[in-house]
Amino acid sequence: MGLLDGLLPAYYESILITVGIYIILALGLNLITGVTGQLNLGHAAYMCIGAYTSAIMSMHYGMPFIVAILAGGLLAAAFGVVIGYPTLRLTGDYLAICTLGFGEILKSVLYNVPAVGGAMGLAGIPPKTTLTIVFIVMIIVIISMVRVESSRFGRALVAIREDEIAAECNGINATKYKLQMFSLGCFIAGIGGALWAHKIMVLQPRDFGFLKSIEILNMVVLGGLGSIPGTILGATVLTSIPEILRFSSEYRMLLYGALLVAMMIFRPHGLMGGVSFNSIAKRGMRWLKPGDKPDDKPGQKGMGG
Amino acid sequence: MPLLELNEVTIRFGGLIAVDSVDLVIEKGEILSLIGPNGAGKSTVFNLVTGIYPPTAGTITYKEQRLNGKKSYHINRLGIARTFQNIRLFPELPVLDNVKVGRHCRSKASVFGALLRTPAVKAEEKAIEQKALECLELMGLDHKKDEAAKNLPYGEQRRLEIARAMASDPELLLLDEPAAGMNSTEKKVLVEKITSIRDMGLTVFLVEHDMKFVMGISDRVAVLDYGRKIADGSPTEVQKNPDVIAAYLGKEVV
Amino acid sequence: MLSNLLVQLINGIALGSTYALIALGYTMVYGIILLINFAHGEIFMAGAFVGLMLVTVFKVHIIFAFLGAMLFCMIMGVIIEKIAYKPLRRSTRLAALISAIGVSIFLSNLANLVFGAKPTTFPPTEEILFKIQTYELIAGAQITNLQILTIVTSAVLMVCLQYFIKKSRIGKAMRATSQDYDTAALMGVNVNRIISYTFAIGSSLAAAGGVLVGIYFGVVKYNMGFMVGLKAFTAAVLGGIGSIPGAMFGGLLLGIGEMLAVALGLSSYRDAIAFGILILVLLIKPTGLFGTQIQKKV
Ligand SMILES: Nc1ncnc2c1ncn2[C@@H]1O[C@H](COP(=O)(O)OP(=O)(O)O)[C@@H](O)[C@H]1O
Ligand SMILES: [Mg+2]
């Protein structure tokens, strides 16, 4: 039994678990699309691989939860490498279409393979995901992403997003870094999927289609492409508000569509574009020590100009 | 033994021969300028040397290594750094981080280094920052280190590109029209900076459109016209060369 | 076996000619503003619904319903461009692409709310057109009058388009803009108008495809634009994006390929196969069959 479990009414606990899982998923996508600028329209596919793998690990092989989670993440990362290796050389929109295509192919295969339940999917997955576990994983993912952001590796990723040719001329092997970044993002998606599988207990291929990928993309776009605090905010808002207001899924998707357009036109950097935990910390320090430069505006980051 | 040698280098774009069988030699420690009218193929020479385009024919040799077929990032690691005619900074990144990126090929922390943040990685990160600050100082931009690169005025963006290139400790620095769009005071400062870079032991290969700017600082000048090299020699020799005069008068409305 | 193959070949040509109609819109828009117009599939869906509404609710003759759907979508395409893409012309391509995806999601869910999630059936063909008749061809192959109508209508529209692009002033300006946007603008081409025309023409062709598909399969559904749109895009890429003959050829090839997959008993994988083709083409020859290689200027 974890520290955080059972403190809240079951309904709110369930919402918090969902929020936590989407924060994890969205941070994985933020690394790929926000930080490195590679539009991935098939993020749900990697979530799906993690979910199915971990479910099979727990149900058929009786593996401990942690092993199932890691297996889910690793297989998703492996698929990320296999798919990313040929496709990441493509430019923006072609890559987007390929990632979408892979997601649909995966769905189609899962539909037709009886070993993983076909269209009926998998049922009877043990409910092992607790708020404590989700919280711990989420914190690890957040810390990892913050570390990546302020590292040589992270700078290389942003450089690739901003200008791939200039990045290459400054010693960055863009293909290699994109592949590493993509598999890391897919690993995180796989972990999120594993946690999701052991919360929802039933998996069906159609739950991991294009619309699921768009839902996660929306969280990153709303928060601010490239911003970690923004992504966390976006995932929190878009997961909890429809839950609490009990939106029907059609209205939700209608809103999501309009939101994508409106954000791009009016606020392409999202709610927190350019805000990082580092910049928040710096501001905090200034605030504690008045008299320093008080008027520090963070540069607008997020999308290349 | 020249530092860089181009041997009958040619590149075609469809029907256009942008660089036509060009021979060029750069000796260690000199400032060589490549001049010529717009569209002569000067920037294309840089793109060939830095691996952006593969040559259609000919060989490019740097310190006895063939550069043909090598990737841009590899060429950078070998000691060649460049700037671009149409400035190519990382606009959303702060000035300091732009220069830190330039240090990429001289540092080695990997993804795992980033995630684990070992003492060695932290030390390397410190060293990168140190170097980046030095380069900013050299180009007189240290006071702007926290601004987003896109917010700098044009002249400073050009200098930032040089600072970024310097961060990789290059032996050969390629500058593509570094003075473009600068006023005469800015140009004067730039001449000083380039001279002091050469005095640090670097070799400078400069592309310029503007003849006057070049004559002051170059040890040697080569002239391109329609992709062909039409002259190569000391600034005074080149200035007197009738072919060069014709090329310039034929193109430029003075 | 042979006759089955021939039957599927003819089905493939009929299906492929509608893909070709839709693919033209993708290719024309991409040729000019380098944007995958994700919402194009939803315009096709809207065309199908508008045609259906005109026939069933307003009791319009099918020919006028067909033209009405084309007109409606023509206006719709232009408005979408003005609202969702034009403000982003100076932004990153990523931003424009995300906006296009937003429009697509918005429209399909709007249709879901308006028409419901269940497929809506088209009136039987004999009520609105003619009684289906089957003609025997050689070697046991058959073709229906509906298939002939689909193929002929698509062909006529494509010939008109080709004529328009080659001969009219606007068509010439379109070709100039797609070859070199900046130079065309400098030479005094009104780029905004050309883009509007491109969306108008592309969208009306998609609407025509929508009505044809609606009659052909007898049902329309809010999410029909997604899969068909992606297949048409695949067709455009297959033929070489930006190339109009390429889009026609790619559409036919994809339609035939899909139907042959069905003939080989792979029908549950037909969508996956289409995507597989798309990915392979992008990886092996991203310029498609008719496209030309362009070296990016640095
Ligand atoms: N990628 C390319 N594709 C086609 N033509 C190119 C490309 N790059 C350069 N060119 C052409 O090559 C010629 C030389 O260009 P460039 O080297 O930029 O000239 P310069 O720098 O001397 O002004 C020009 O005619 C230019 O249009
Ligand atoms: Mg040039």
Set of ring pair (Phe, Tyr, Trp, His ring centres under 6.0 Å) partners for A:His43, sequence neighbours left out
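Result, ring pair (Phe, Tyr, Trp, His ring centres under 6.0 Å) vs A:His43: none returned.
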Results of ring pair (Phe, Tyr, Trp, His ring centres under 6.0 Å) for A:Phe102 - residues two or more places apart only
A:Tyr46
Pick one of side chain, backbone, both or neither for [X], based on which atoms fall under 4.5 Å of a heavy atom in chain A.
X: C:Asn112; result: side chain
X: C:Tyr85; result: neither
X: C:Leu97; result: side chain
X: C:Tyr222; result: neither
X: C:Leu230; result: side chain

Any A:Val35 side-chain heavy atom under 4.5 Å of A:Met145 side chain:
no
Under 6.0 Å from the OH atom of C:Tyr269, do we count more than 12 heavy atoms belonging to anything else shown?
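Counting neighbours around OH of C:Tyr269, more than 12 heavy atoms of other residues, nucleotides or ligands fall under 6.0 Å, so yes.
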Apply side chain to side chain contact (heavy atoms under 4.5 Å, CB included) to residues A:Glu215 and A:Leu238 and explain how you reach the verdict.
CA-CA 8 Å; A:Glu215 223 174 297; A:Leu238 289 186; over 6 Å; no
Highest number of heavy-atom pairs under 4.5 Å with chain C: which of A:Ile105, A:Asn112, A:Val261, A:Leu260?
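Among the listed options, the one with the most contacts to chain C is A:Asn112.
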Could you check which of A:Ile97, A:Ile214, A:Leu90 has the highest count of heavy-atom pairs closer than 4.5 Å to chain C?
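Of the candidates given, the most pairs with chain C belong to A:Ile97.
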Under 3.5 Å, side chain of [X] to main-chain N/O of [Y], donor-acceptor pair present?
X: A:Glu168; Y: A:Ala174; result: yes
X: A:Arg89; Y: A:Thr175; result: no
X: A:Ser227; Y: A:Val275; result: yes
X: C:Thr27; Y: C:Ile241; result: no
X: A:Thr231; Y: A:Ile23; result: no
X: C:His40; Y: C:Gly229; result: no
X: C:Ser99; Y: C:Ala95; result: no
X: C:Ser196; Y: C:Asn192; result: yes

Are there residues of residues 273-282 of chain C that reach to under 4.5 Å of chain A by heavy atoms, and which ones?
C:Phe275, C:Gly276, C:Leu278, C:Ile279, C:Leu282
Only pairs of heavy atoms separated by less than 4.5 Å count here; which of [options] has the most with chain A?
options: C:Phe233, C:Tyr30, C:Phe38, C:Phe226; result: C:Phe226
options: C:Gly102, C:Pro87, C:Ala96; result: C:Gly102
options: C:Leu107, C:Asp271, C:Ile105; result: C:Ile105
options: C:Leu110, C:Ile101, C:Thr234, C:Val103; result: C:Ile101

At a heavy-atom separation under 4.5 Å, does [X] approach chain C through its side chain, its backbone, both, or neither?
X: A:Leu39; answer: both
X: A:Ala96; answer: side chain
X: A:Tyr111; answer: neither
X: A:Leu254; answer: both
X: A:Leu41; answer: side chain
X: A:Leu259; answer: neither
X: A:Val221; answer: side chain

Contacts of A:Tyr22 meeting side chain to side chain donor-acceptor pair (under 3.5 Å) (sequence neighbours excluded), chain-then-number -> A:Lys212
Rounded to the nearest 0.5 Å, how far does CG of C:Leu35 lie from CG of C:Leu88?
9.5 Å
